[in-house]
Amino acid sequence: MNIFRLAGDMSHLFSILLLLLKIHTIKSCAGVSLKTQELYALVFATRYLDIFTGYISLYNTLMKMFFLWSSFTIVWYMRYHNVVRRSYDKDQDTFRHYFLILPCFILALLVHEKFTFLEVLWTFSLYLEAVAILPQLVLLQRTRNVDNLTGHYVFFLGAYRSFYILNWIYRYFTEQNYYKWITWISGLVQTALYADFFYYYVKSWRNSERLQLPA
Amino acid sequence: KNSKRNKDEL
């Protein structure tokens, strides 16, 4: 564990806590894409299966259980909780996220480290996580005034993988033959997708104006 | 390569 990875995990944790706070306290999911939440639930379900087969550390197990629990809880709130679901703008959240799942799965069948069930699912989860934010970014462009909590949620979600990139650089230089091309490339693509969001987020923060993404 | 270290990240 290094400070970059810890910062990444804490940023990821914080982003989810922000979203849970928004949904649980003000019972609203306005501006939040259900499709991105469903993709993330699938990412965690396919990546964290190893909590049943192995043990790495208490931290690792607890974080995985929290990510699994929170992602499915958020999807449940947005689909079935009769107050929260009313604030879900489903006619704006129209990104065809199913079109992301199949290509990622096919790519995982073609490009992976080992051709085993767990490894292919793990690789699939990496590819899917790289593109999972797309429905949310599209929805932000359509939502005229993005509320602060949603903006902060997306920012810390994007920041987590950026910290992971620093972690991979750090580990590459401090550990012998440490390289994970698939993880690194997926992480770079994922972070690149946030580039323009980061730009507008910092700009709105600097000018202390509301966050607005150009349509 | 120790598989544990292989998947020690979240």
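Every chain is numbered from 1 and lettered A, B, ... according to where its sequence line falls, protein lines coming before strand lines. Because the structure is a prediction, the values reported are computed rather than measured.
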Would the number of heavy atoms belonging to other residues, nucleotides or ligands and lying under 6.0 Å from [atom1] of [X] be above 12?
X: Met65(A); atom1: CE; value: no
X: Phe95(A); atom1: CZ; value: yes
X: Trp76(A); atom1: CH2; value: yes
X: Tyr170(A); atom1: OH; value: no

Inset, instruction - Give, for atom OH of Tyr59(A) and atom CG of Asp8(B), the distance between the pair rounded to the nearest 0.5 Å. - result: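 Atom-to-atom, Tyr59(A):OH and Asp8(B):CG are 11.0 Å apart.
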Legend entry - Region of Phe44(A) that comes under 4.5 Å of a non-hydrogen atom in chain B: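 Neither the backbone nor the side chain of Phe44(A) comes within 4.5 Å of chain B.
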Legend entry - Region of Asn60(A) in contact with chain B, defined by heavy-atom distances below 4.5 Å: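 Backbone plus side chain of Asn60(A), per the 4.5 Å heavy-atom cut-off to chain B.
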Legend entry - Selection from Met1(A), Met63(A), Lys64(A), Arg5(A) maximising heavy-atom pairs under 4.5 Å formed with chain B: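 When all of Met1(A), Met63(A), Lys64(A), Arg5(A) are compared, Arg5(A) has the most.
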Inset, instruction - Quick one: closest heavy-atom pair of Leu10(B) and Phe67(A), and the distance? - result: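 Smallest interatomic distance, heavy atoms only, reads CD1-CE1, 3.9 Å.
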Legend entry - Arg47(A)/Lys7(B) under side chain to side chain contact (heavy atoms under 4.5 Å, CB included): CA gap, chis, key distance, verdict: CA-CA 10 Å; Arg47(A) 187 179 309 177; Lys7(B) 296 277 186 306; over 6 Å; no
Inset, instruction - Check whether the side chains of Asn167(A) and Glu9(B) place a donor and an acceptor atom closer than 3.5 Å, and report yes or no. - result: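 Yes, Glu9(B) and Asn167(A) have a side-chain donor paired with an acceptor closer than 3.5 Å.
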